Amino acid sequence: MFTRITFDSKIMGGRACIRGMRIPVSIVVGQIAYGATFDEILANYPDLEREDILESIEYAAWLTQEEIHSV
């Protein structure tokens, strides 16, 4: 489902990272939340690609899917 999001217990303690690098998805999503543009993120993290940012957003959206329970 997500080809650019990786989990490795030896990298960042198993947190969701971009393509096995030490760049957690949470950092990318956090920067977007604080108003950083794609260009700014790419300038700060030259190993990232635009598709990495897009998939980070998709992954964050997937994580927030709520299951509705009736009371």
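All values derive from a computational prediction rather than experimental measurement. Just the heavy atoms: all of them, side chains too, but no hydrogens, waters or symmetry mates, feed the values below.
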Please report the shortest heavy-atom distance between Ile41 and Ala36, naming the atom on each side. CG1-CB, 3.9 Å

Of the non-hydrogen atoms in Gly14 and Phe7, which two are nearest, and what is the gap between them? O-CD2, 3.5 Å

Return the minimal non-hydrogen interatomic distance between Ile11 and Gly20, and the atom names on each side. CD1-O, 3.2 Å

Do Ile5 and Ile23 belong together in a cluster built from hydrophobic side chains that touch within less than 4.5 Å? yes

side-chain contact (heavy atoms from CB on, under 4.5 Å), paired with Glu55, selected from Glu49, Arg4, Met1: Arg4

Nearest heavy-atom contact between Phe2 and Glu58 is CE2-C, 3.9 Å

Ile53 and Leu42, any side-chain heavy atoms less than 4.5 Å apart: yes

Taking all non-hydrogen atoms of both residues, which atom of Arg22 and which atom of Lys10 are closest, and how far apart? NH2-O, 3.6 Å

May I ask you to test the Leu48-Ile18 pair for a side-chain heavy-atom distance under 4.5 Å? yes

Would you say Val29 and Tyr34 are hydrophobically clustered, going by side-chain heavy atoms of ILVMFWY under 4.5 Å? no

All heavy atoms of Gly35 vs all of Glu40, minimum pair found to be O-OE1, 4.1 Å

Quick one: CZ on Arg50 to CG on Asp52, what's the gap to the nearest 0.5 Å? 11.5 Å

Are Tyr45 and Gln31 close enough that some pair of their side-chain heavy atoms sits under 4.5 Å apart? yes

